[in-house]
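Take a look at the structure below.
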Amino acid sequence: MAKIKPKVPLQKVPSAQSKKTVKVNVIPEENKYYIYALILAFTTLVFFAASYKISGDDDFFWHLATGRYIVQNQVVPNTDIFGYATAGVEWIPFEWGWDVITYGLYNIGGYNAILLFRSIIFSLIFFIYYLLLKKFKVNSVISYILFFILLIAIMDRLSPRPHILTYLFFVILLYIITSFKYIDREKYFKWLYFLPLIFLIWGNVHMGVLAGGLLLFIYTVSEVLIFLYPQRFSSPEIKPLTREQIQRLLLISVASALVLLINPHGLQTYLYAYGHTKMKLLETINEWRNPFSGGMDFGFIVTFYKILLFSGIIILIYSIKKKDIFFALTYIGFAIYSVRAIRLTVDYEIIIIFFLAVSINYYFQKWANTGKGNNILQFFLYNNGVKAVLIALFVYITFNIPNEGVYQWLKYYRIPGFGVNSDFIPVQLFDFMKEANISGKPFNHFGTGGYLVWNFPNEKNFIDSRNLNDAIFNEYNTIMVKGRGFEKKLDDYGVDYVVFLDPDLIRRPKDLQTNIVSYVSRNPGWKLVFWDDKSFLFVKDIPKFADVINKYEYRILNPYNFIFHQQEFDKKMKEDPERAKQELDRKIKTEPRGYILSGIHQFSQKYFK
């Protein structure tokens, strides 16, 4: 019997008139030559923006002094080695790895080798970030606009200090975990095995490793949640890890945490660092203030942080749309983390820029395909003219960095180039100290202690910017502002010379009336032997300084008396014009363009005719 074929129901094919016409925009590929030009222009901009002289950063010098001590003594100390008033006080240099690295660089090429290293690190950070966003097919215009915003936002933290390695490790960590999670789990799982090594190095150069640990913890938690609740948190694009992968990830995360204990002082390092953050004196330091503190003007730096903080709403919307809990948890976690202190806002900005770029790119690409105004978006994203404008902007800014035009426009103090900014760091004063062989027990300005122990390896300071404890800071502050009993404290500590620094002295000379300079200037037991537009050096009138006083004392040309006691200054000029002329000529030789000196010079001419 012949088999009868079953009837196949006919499918209804819509007629040409009934078909809906869906307009699909063809997204063009980006011109690779313009992309190369963007990369080159922006990398050059970053290099120049990160290349500026050491200014007002005393940390830089005590880090170098610490590296020198460790290399020469083959030990990482756990008590203070730099201060005579804090001898024996607990101090653990938890950034000792950075100290050794930079001391090694200094021995190779001086300060410039360290500053060049800094510029290369920041250029590398942005280049790795570009490679990461390229993996996620983020449009180059979006990438480089956000990079430009990020560069402005982190300007305050481009200094050559150990935190720059934390920023580099942030980007490397993001590259590894996001490549594994979203790009290729087979290929990049092997990369996860490098995480304990990264954390081992990181934990010995900067405490920012704890923020890196937070990022890894958030990622691990997100993967565990996806594994446990796949229906709620997984999607076709974000699949849960296998049980074996989860187990390996947990082991890697635990190993990354445990290696943090491999440092010269183990767990005590972190207990010390934690206690360090609880000191009252940090309330007086701007970078430790809350970015939302009232009554403080933090300028455009904090403004850009707030823009990036509230832009996180885009990340949250994206995470809901894509069912990506990692995006949401990272934003929430680091947003909360960042509001604690201004210095932590940069950690947030560097980490979150990846999630913001991916989120913005998703919606822009979507709207460019199907949304209203898609022609405008396509023009913005793919027209070479837009890239050309960005390239021209980056080149223009780069050319205006060396002449300080950019910083003048921003009203931001920064001196481009390499080396030490002697208008801010008391280079001339310390050169004089070497020439005159000044030594003893100083009462030094807070911002000069590191420079002192770096320049004088066998000397001790009174204080420096390591912020050892509240007690020494309170003692320092009492003496500096002539608080109750300050004269007795000077005697008790055996202070025999005073180093004062104020880079803004010529803009706010009245501050001298309320600090230690007014005391030593008017006390016959102290002698002024050096001064310039930002610093003073007074020595005690004791036998060991007799030769120094005889040769270098400014008996008449004391800027404090010139500014606040002109009648007395005038009287001394009249009584001994020959001595005044000798002091003036000596000062002109050492600081011919001094602002205060020019005033004294003009005032004194009537006595030398």
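Nothing here was measured: the structure is a model prediction, and the numbers come from that model.
- Under the 30°/60° scheme for interplanar angles, the aromatic rings of Tyr182 and Phe136 are found to stand perpendicular.
- Using modelled atom types, one finds a donor on one side chain and an acceptor on the other under 3.5 Å when comparing Thr220 with Ser253.
- The closest side-chain donor-acceptor pair between Tyr106 and Arg68, if any, does not fall under 3.5 angstrom.
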Which atom pairs, one a donor and one an acceptor, fall under 3.5 Å between side chains of residues 205-216 and the rest of the protein, sequence neighbours left out?
unit_1 : atom_1 : unit_2 : atom_2 : d
His206 : ND1    : Thr166 : OG1    : 2.7
His206 : ND1    : Gly208 : N      : 3.0

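- Side-chain N/O atoms of Asn421 and Tyr413 include a donor and acceptor closer than 3.5 Å.
- Scanning for ring pair (Phe, Tyr, Trp, His ring centres under 6.0 Å) contacts around Tyr103 gives an empty result, with sequence neighbours left out.
- Put simply, the residue from Phe147, Tyr175, Tyr144 that forms a ring pair (Phe, Tyr, Trp, His ring centres under 6.0 Å) with Tyr130 is Tyr144.
- Taking OG of Ser311 as the reference point, atom CD1 of Ile360 lies at 6.5 Å (rounded to 0.5 Å).
- With sequence neighbours left out, the side chain to side chain donor-acceptor pair (under 3.5 Å) criterion links Arg466 to Asp80, Asp464.
- Ring pair Phe310/Phe292 is perpendicular by interplanar angle, where above 60° counts as perpendicular and below 30° as parallel.
- When side chains are defined from C-beta on, Tyr52 counts as touching Ser159, because their heavy atoms get closer than 4.5 Å.
- Shown here are the ring pair (Phe, Tyr, Trp, His ring centres under 6.0 Å) partners of Phe334, two or more places apart in sequence or in another chain: Tyr337.
- Ring planes of Phe536 and Phe500: tilted class, angle from 30 to 60°.
- Of all the heavy atoms in Ala153 and Ile301, the pair that sits closest is O-CG2, 3.6 Å.
- Contact annotation: the side chain of Phe42 never approaches that of Leu38 to less than 4.5 Å [non-hydrogen atoms, C-beta and beyond].
- The 12-atom threshold is not exceeded at CZ of Phe127, counting heavy atoms of other residues, nucleotides or ligands nearer than 6.0 Å.
- Inter-residue side-chain proximity for Tyr129 and Leu174 is flagged as met; some heavy-atom pair is nearer than 4.5 Å.
- Using a 3.5 Å distance cut-off with no hydrogens or angles, the side chains of Tyr305 and Ser338 do pair a donor with an acceptor.
- Residues meeting the salt bridge (charged side-chain N to carboxylate O under 4.0 Å, His left out) test with Asp470, sequence neighbours left out: none.
- A donor atom on one side chain and an acceptor atom on the other are not found under 3.5 Å apart for Asn461 and Tyr451.
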Worksheet entry | Steps toward side chain to side chain contact (heavy atoms under 4.5 Å, CB included) verdict (Phe530, Thr590) | CA-CA 10 Å; Phe530 178 90; Thr590 58; 5.6 Å; no

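- Partners of Lys32 according to the salt bridge (charged side-chain N to carboxylate O under 4.0 Å, His left out) rule, which considers only residues two or more places apart in sequence or in another chain, do not exist here.
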